[in-house]
Amino acid sequence: MLILFNSLSIHIQNALEKAFPEAAAQAHASGKALDPQLVPASKPEFGDFQVNGALKLAKPLKQSPRIIALAITDQLKADQDFLNICNPPEIAGPGFINLKVKAECLIAEIRNQLQDKRLGVPVIDSSNDQMASSTVVVDFSSPNIAKEMHVGHLRSTIIGDSIARILEFRGHKVLRLNHVGDWGTQFGMLISHLKTVAPEALITADVIELGDLVNFYKQAKQRFDEDIHFQTTSREEVIKLQNGDSKTLKAWKLICEQSRREFQQIYNRLDVRLSERGESFYNPFLEQVIDDLNDSNLLVIDDGAKCVFLQGINGKDGRPLPMIIQKQDGGFNYATTDLAAIKYRFNTSPEGDGAHRLIYVTDAGQANHFAGVFQIAKRANWIPDGGRIEHVPFGLVQGSDGKKLKTRSGKTIRLRDLLDEAIDRSEADLRRRLKEEDRTENDDFIKHVASTVGIAAVKYADLSQNRITNYQFSFDRMLSLQGNTAPYLLYALVRIAGIARKGGDLDTATDNLIFKEGQEWSLIRTLLKFDEVVVEVEEELLPNRLCTYLFELSQIFNRFYDQVPVLKANEPYRSCRLALCRLTANTLNLGMNLLGIPTLERM
RNA sequence: GGGCAUGUAGCUCAGUUGGAUAGAGCAUCAGAUUCCGGUUCUGAGAGUCGGGGGUUCGAGUCCCUCCAUGCUCGCCA
């Protein structure tokens, strides 16, 4: 109903300006038009939309809200185009105007939607918005080389992928960048440790298992924390790497390649597509960052390190907090890389990505870091006019004890183990149900359903939560067939597929749509909200809003299914209800697709 | 100590530029089935929106203050 909403918005704006021409002229002169505050109705009994503006305007217009509302509705009642869309408006409460869209208008919308693969979601208008045609960078997932992916990478990967999908669907050119940790001190540690414990790993591929590599990494970290001499050699190794020393570089490449293959297995399982562009990519641009900051007089040498002092962010001592761009020993650290990345991403091709919006999906713990880095980028004038740079933070994954999710023995949980467990539990659950219902299915079916439901449950549980707060992980809750879960949504789709199997032609003709049941109308109204939700999520970057919508749609569909017969209905109702089923399935499928969640016909 | 975030029903959480009587799910209790997959649906109870002040026609939402929790604060990322 996005188009309808926009059209109503214009009519109401006109009505308001006709009703109060002087105030409108004055408002225009000051550059800010009178706002009628048209929004979706807060409750179904208020209709489809409501106008809240009359209350706000009471003071500047020096009239009571109801008088203002009356003046607006009088204008609307004289507007035939408006009356073609809505029933005559009603004033309610202290001065709200309630609008109800006409049935024939809703039906026309449904008919359009049935023929529209995009379900009413517009492609971004690149003629209207010059920025629209340029690129959006979504920086997400970003595991570290020589480590295994763990639950900490889960949220970034799932949320980032969904955001990227939604932006792509809206027609943006999206760069999905995997900013892997393949550079820096950690590599110095690992390589210098391997030199003593497993030198062959530095010259030959795959001589050690990734699991062992992870262990070596942990040992190296421990050594680094305890041994000052080792710290020095590690740092020297980093410098060698950053200067392109061929031996070190070769060792580094071997390790990266091994990790990369491991990550890819996880991404394949999650159906997530990423372009790897690790921290190392920006190595050639680091010097330029220093020069640029120096040229804009932001760089200060303090304690031998090159820093930028942040504005409005103080450290423990109360002095402005420095961000270290180049360390005493000449090495660069992650702030330098992030700054180089910002520059590169905003720069136009061929020296950059030509992006107009940068989105970073990382945990909330990095909020300070990004605030600092973004501030420097702004002060250095690297952000073009109209350019946006956003940190999309998310909270911790916690166990049901409210603490950071760990294994029973207190270790971090590997992502592959977590996915395995979700699928195993899903399979056990499926087998139990098959037994109870005396159904027999072959192993391929069981495996397919178990893995689809398992992955869907993990993803949906994560996405359905407002990302900013911490999130309590529970297999039992996410795999439950009741409540706001992936299985519940999948079940609605399975029911529709069941109708089709039992002889319902979902592609039946839809020229003469006619409805009479309340459940049909509430389904219709819910279906037509899809486009608004997608556009909102694109702006707010909150996929949980899409989840809430899809859950509500499933609930309303189940109510409809429960109370209104489809296959047994007489024509023309049968065909019309089949059309609603088809549109519900299309909407759920597209919505789930935008979340990156697979769907099923039977389960 | 400074900064940031969070605090809503027994539990897990929604709540869109400030809008009408604060909403879901789970759990609990009570109901519904000749039926397209009951893995469903209907209903009920349950709240000082952390406390207190303020802004205004109106505050869960904005401002101030206090409390609690989490994250973070110079050479890791």
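Chain letters run A, B, ... following the sequence lines, proteins first and then strands; every chain starts at 1.
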Review point. Which part of the nucleic acid, if any, lies within contact of Val180(A), taking any heavy atom under 4.0 Å across all strands shown: a base, the sugar-phosphate backbone alone, or nothing?
Key: nothing

Review point. Is the distance from OP1 or OP2 of U6(B) to the nearest side-chain N or O of Asn470(A) less than 4.0 Å?
Key: no

Review point. Heavy atoms under 4.0 Å, any strand shown: does Ala371(A) hit a base, just sugar-phosphate, or nothing?
Key: nothing

Check your understanding: Within the pair Thr548(A) and U16(B), is there a side-chain N or O less than 4.0 Å away from OP1 or OP2?
Key -> no

Exercise for review: Round to the nearest Å and state the distance from Leu396(A) atom CG to C71(B) atom C1'.
Suggested key: 8 Å

Exercise for review: Take the protein atom CG of Leu405(A) and the nucleotide atom P of G70(B), then report the distance between them rounded to whole Å.
Suggested key: 17 Å

Study note, to complete from the structure: Any stem touching RNA chain B, meaning at least three consecutive Watson-Crick or G-U pairs under 3.5 Å, ordered by first number, would be B:1-7 with B:67-73, B:10-13 with B:23-26, B:28-32 with B:40-44, B:50-54 with B:62-66

Review point. Across the strands shown, which category fits Arg501(A) at heavy-atom distances under 4.0 angstrom: base, sugar-phosphate, nothing?
Key: base

Review point. Across the strands shown, which category fits Gly181(A) at heavy-atom distances under 4.0 angstrom: base, sugar-phosphate, nothing?
Key: nothing

Check your understanding: Want to settle it: does Asn144(A) or Gln563(A) sit nearer the 5' end of RNA chain B, counting the closest nucleotide to each?
Key -> Gln563(A)

Review point. Counting any heavy atom closer than 4.0 Å, what does Thr469(A) reach on the DNA or RNA strands: base, sugar-phosphate only, or nothing?
Key: sugar-phosphate

Practice item. For Asp429(A) and Arg432(A), run salt bridge (Lys or Arg N to Asp or Glu O under 4.0 Å): C-alpha distance rounded to whole Å, both residues' side-chain angles, the deciding distance at 0.1 Å, then the answer. Key: CA-CA 5 Å; Asp429(A) 197 52; Arg432(A) 182 184 53 74; 2.7 Å; yes

Exercise for review: Check whether the side chains of Asn484(A) and Ser464(A) place a donor and an acceptor atom closer than 3.5 Å, and report yes or no.
Suggested key: no

Check your understanding: Is there a side-chain polar atom (N or O) of Asn544(A) under 4.0 Å from OP1 or OP2 of G15(B)?
Key -> yes

Practice item. Let me know the distance between CG of Leu523(A) and P of C36(B), rounded to the nearest Å. Key: 20 Å

Check your understanding: Could you give the CG-to-P distance, from Leu542(A) to A14(B), as a whole number of Å?
Key -> 10 Å

Practice item. Please state the C1' separation for the pair G53(B) and C13(B) - nearest whole angstrom. Key: 29 Å

Point to revise | Check: Phe374(A) ring centroid to Tyr360(A) ring centroid under 6.0 Å | key: yes

Check your understanding: How about Gln366(A) and Asp363(A): does a side-chain donor come under 3.5 Å of a side-chain acceptor?
Key -> yes

**Study point:** Phosphate-side-chain proximity, Tyr488(A) and C41(B), N/O vs OP1/OP2 below 4.0 Å
**Key:** yes

Exercise for review: Between C57(B), C73(B), G74(B), spot the one nearest the side chain of Leu321(A), thanks.
Suggested key: C73(B)

Exercise for review: Please test Ser141(A) against His153(A) for side-chain hydrogen bond (donor to acceptor under 3.5 Å, both in side chains), starting from the C-alpha separation and ending with a verdict.
Suggested key: CA-CA 6 Å; Ser141(A) 193; His153(A) 300 110; over 6 Å; no

Check your understanding: Gln472(A) side chain N/O closer than 4.0 Å to the phosphate oxygens (OP1, OP2) of U12(B)?
Key -> yes

Practice item. Would you classify Met323(A) as touching base, sugar-phosphate or nothing, given that sugar-phosphate means primed atoms plus P, OP1 and OP2, and contacts are heavy atoms under 4.0 Å? Key: nothing

Point to revise | Distance, C1' atom - from C66(B) to G19(B), rounded to whole angstrom | key: 29 Å

Check your understanding: What nucleic acid atoms does Arg235(A) come within less than 4.0 Å of, heavy atoms only: base, sugar-phosphate, or nothing?
Key -> sugar-phosphate

**Study point:** Asn368(A), nearest nucleotide to its side chain (from U72(B), A77(B), A20(B))
**Key:** U72(B)

Practice item. Please determine, by modelled atom types, if Asn466(A) and Arg545(A) share a side-chain donor-acceptor pair under 3.5 angstrom. Key: no

Exercise for review: Say whether Gln519(A) and Gln563(A), considering side chains only, have a donor N or O and an acceptor N or O under 3.5 Å apart.
Suggested key: yes

Check your understanding: Taking only side-chain nitrogens and oxygens of Lys404(A), does any of them come within less than 4.0 Å of OP1 or OP2 of C71(B)?
Key -> no

Check your understanding: Reading nucleotides 23-35 of chain B 5' to 3', which nucleotides get B (base under 4.0 Å from a protein heavy atom), which S (sugar-phosphate only), which -?
Key -> SSSS--------S

Review point. Just checking, is any N or O donor in the side chain of Gln219(A) or His193(A) under 3.5 Å from an acceptor N or O on the other one?
Key: yes

Check your understanding: Is there a donor and acceptor pair, one atom on the side chain of Arg319(A) and one on the base of G74(B), closer than 3.5 Å?
Key -> yes

Point to revise | Proximity to the side chain of Asp35(A) - top-ranked nucleotide from U17(B), A20(B), U12(B) | key: U17(B)

Review point. Are the side chain of Asn470(A) and the backbone N or O of Leu396(A) linked by a donor-acceptor pair below 3.5 Å?
Key: yes

Exercise for review: Under 4.0 Å between any heavy atoms, over every strand shown, what does Asn98(A) touch: base, sugar-phosphate, or nothing? Just pick one.
Suggested key: base

Review point. Could you state the CG-P distance from Leu546(A) to A14(B), rounded to the nearest angstrom?
Key: 15 Å

Check your understanding: Contact class for Cys581(A) (heavy atom, under 4.0 Å): base, sugar-phosphate, or nothing?
Key -> nothing

Study note, to complete from the structure: To the nearest angstrom, the CZ-P distance between Phe374(A) and C4(B) comes to 17 Å

Exercise for review: Mark yes or no for a side-chain to base donor-acceptor pair under 3.5 Å between Asp182(A) and A77(B), with no hydrogen or angle criteria applied.
Suggested key: no

Review point. Taking the six-membered ring for Trp, is the centroid-to-centroid distance between Phe332(A) and Tyr334(A) below 6.0 Å?
Key: no

Point to revise | Below 4.0 Å: OP1/OP2 of C36(B) and any side-chain N or O of Arg577(A) | key: no

Point to revise | salt bridge (Lys or Arg N to Asp or Glu O under 4.0 Å) partners for Glu390(A), two or more places apart | key: Arg357(A), Arg388(A)

Practice item. Give a yes/no on whether any side-chain N or O of Gln465(A) is located under 4.0 angstrom from OP1 or OP2 of C13(B). Key: yes

Review point. Atom NZ of Lys59(A) to atom P of U56(B): distance rounded to whole Å?
Key: 6 Å

Review point. Whole-Å distance between U69(B) P and Gln398(A) CD?
Key: 15 Å

Practice item. For the side chain of Asp303(A), starting at C-beta, report the closest nucleotide among A14(B), C75(B), A20(B). Key: C75(B)

Review point. Distance between the P atoms of C11(B) and C63(B), in whole angstroms?
Key: 28 Å

Practice item. Just call it for Glu552(A): base, sugar-phosphate, or nothing, with non-hydrogen atoms closer than 4.0 Å on any strand. Key: nothing

Exercise for review: Looking at every strand, decide which applies to Ala367(A) at a 4.0 Å heavy-atom threshold: base, sugar-phosphate, or nothing.
Suggested key: nothing

Practice item. Kindly say if Thr185(A) contacts the phosphate of A77(B), meaning a side-chain N or O under 4.0 Å from OP1 or OP2. Key: yes

**Study point:** Rounded distance in Å between the P positions of G60(B) and C49(B)
**Key:** 8 Å

Point to revise | Euclidean distance for C1', C57(B) against C41(B) (whole angstrom) | key: 42 Å

Check your understanding: Looking at Ile324(A), Val373(A), Leu286(A), which hits side-chain contact (heavy atoms from CB on, under 4.5 Å) with Thr336(A)?
Key -> Leu286(A)

Study note, to complete from the structure: Between Gln186(A) and Pro322(A), whichever has its closest RNA chain B nucleotide further toward 5' is Pro322(A)

Review point. Think Lys327(A) has a side-chain N or O under 4.0 angstrom from the OP1 or OP2 of G74(B)?
Key: no

Review point. For Ala422(A), does its backbone N or O pair with a side-chain atom of Ser426(A) as donor and acceptor, under 3.5 Å?
Key: no

Review point. So, Glu552(A) and Thr548(A): side-chain donor and acceptor under 3.5 Å apart, yes or no?
Key: no

